[in-house]
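Read through the structure below, which is laid out as structure tokens, and then see the notes.
For the numbers below, each heavy atom of this structure counts, side chains included, while hydrogens, waters and symmetry mates do not. Quick caveat: nothing in here was measured; it's all calculated off a predicted structure.
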Amino acid sequence: MKNNSPAMRALYIILVPVVLLIILLNTGWLQSVLPAASVAGHSYTTVEYNFYYFDYYNAFLEEHEDELDTLGYDTNTAARSQDYNDEMTWQDFFLARAEEEMAECAYYHDLAEEAGYEFSDSDLTLYNEQTEHNQELIDTFGLKESNFYISYYGRGMTESKYNEMLKYKSEAYSYKEKLISLEETKISDDAISEYLSENNITDDYLSVNLSVITLSATPDRATESLTAAGLNALSEKLDALLNRYNGGTDFSELQSAYSDLQLGDESGDLANATKADLPDALTQIYLEKQEDFSEGDARCVTDDENGVGYFVVFNNFGASGAEAEASEVLAKENIENAAQDACESDYAVTRNPIGMSLATN
């Protein structure tokens, strides 16, 4: 017999909306439509806000995995319940870093649009690296892809939304690097000399112009670790490239067919490369010893510790390495200072309390 008393009807009226709300929260639908923040006319839903929050948070945990206790962060305690310093909690810290990244991405994207710049696959280096890393996590922990995005980025996050946001971020920071390269050409000789003097930089070397094909060793399928067999196979691949190059095969043909990691631009070219641009294995050969290389000199270099091999063609020496490094540092400072000024004014993040109430969960 049904109970239709006024009390039961009142309870029913109260509970049904609550249950529906819980269902909507668990599906992530509300998080995908409620605005959580805005930046210079760009609106971000809670799901999109969470991308930036957990993007930074997850990277932070990975980078500082062995020193979290020293830093004073406990992953078993809510971030909002732990003090980062006297002025903010750990959650405040993560929120600030996430919003800084959000604002910068909007800023650099807007600059690219104003300049009429069209993004291409060459701007997706960060995207490709991160998706490869994510797949490693999925394989290592036996996760389903659908569960991965929810587990790592919160309710409502889907593969398509994640890829959209990651691509946007990758494009933004790729354009930042292009701005730095352009800014380098504007740094005056006087500014460079002043920087070298202030930092007491007296040692110099010549930068180099190289063309590089980068290969990675195949790890053991069972253990995912490098093996002697994998490193030997890598050396054999490099030797085969050298033989084909010496036999007349064009470098660009080999690079487009075999390079599986990017070093330099999309064609594998590095112009005026300094110690900041090259891995240690190449720095030792081309920048520290500064041998008298001949134009077109080709050689194979392996980094057994990291399981990476390089097929390198030396084109010629470039400008002063110390001056090139100084120019890059000063250019980066100029671009980042301009971005910081913008992010503190026109690109400051405005939070929406309703959407933010569901964020970071």
We want to know whether Asn334 and Glu183 form a side-chain donor-acceptor pair, criterion being a heavy-atom distance below 3.5 angstrom.
yes
Checking ring-ring contact (aromatic ring centres under 6.0 Å, His included) for the pair Tyr53/Tyr153: CA distance, chi angles, key distance, verdict?
CA-CA 8 Å; Tyr53 180 85; Tyr153 292 89; over 10 Å; no
After noting the C-alpha distance and the side-chain angles of Tyr347 and Tyr107, does the key distance pass the ring-ring contact (aromatic ring centres under 6.0 Å, His included) rule?
CA-CA 7 Å; Tyr347 283 80; Tyr107 170 73; 5.5 Å; yes
With a 4.0 Å cut-off on N to O distance, would you call Asp277 and Lys275 a salt bridge?
no
Less than 3.5 Å apart, any donor N or O on the side chain of Glu344 or Gln340 sitting next to an acceptor on the other?
yes
Measure the shortest side-chain to side-chain distance between His109 and His42 over non-hydrogen atoms and say whether it is less than 4.5 angstrom.
no
State whether Lys167 and Glu164 are salt-bridged, where the test is any N-O pair (Lys NZ or Arg NE/NH1/NH2 against Asp/Glu carboxylate O) under 4.0 Å.
no
According to the salt bridge (charged side-chain N to carboxylate O under 4.0 Å, His left out) rule, which pairs have a member within residues 109-126, sequence neighbours left out?
Asp123-Lys178
Using side-chain contact (heavy atoms from CB on, under 4.5 Å) as the criterion, point out the one residue from Phe60, Tyr73, Tyr57 that pairs with Phe93.
Phe60
Pairs meeting criterion salt bridge (charged side-chain N to carboxylate O under 4.0 Å, His left out) with involvement of residues 66-87, two or more places apart:
none
Do Tyr152 and Leu137 have side chains that approach each other closer than 4.5 Å (heavy atoms only, starting at C-beta)?
yes
Could you pull out every donor-acceptor pair under 3.5 Å between side chains of residues 231-243 and any protein atom, sequence neighbours left out?
| residue | atom | partner | partner atom | Å |
| --- | --- | --- | --- | --- |
| Asn232 | ND2 | Ala228 | O | 3.2 |
| Ser235 | OG | Leu231 | O | 3.3 |
| Asn243 | ND2 | Asp239 | O | 3.3 |

Looking just at side-chain N and O atoms, do Asp260 and Thr214 make a donor-acceptor pair shorter than 3.5 Å?
no
Are Phe119 and Tyr117 close enough that their ring centers fall under 6.0 Å?
yes
Students often mix this up, so state it plainly: with edges at 30° and 60°, are the rings of Phe94 and Tyr56 parallel, tilted or perpendicular?
tilted
Stepwise, does the salt bridge (Lys or Arg N to Asp or Glu O under 4.0 Å) test hold for Glu99 with Arg351?
CA-CA 10 Å; Glu99 291 179 359; Arg351 297 178 183 174; 2.6 Å; yes
Does a donor on one side chain sit under 3.5 Å from an acceptor on the other, for Glu325 and Tyr205?
yes
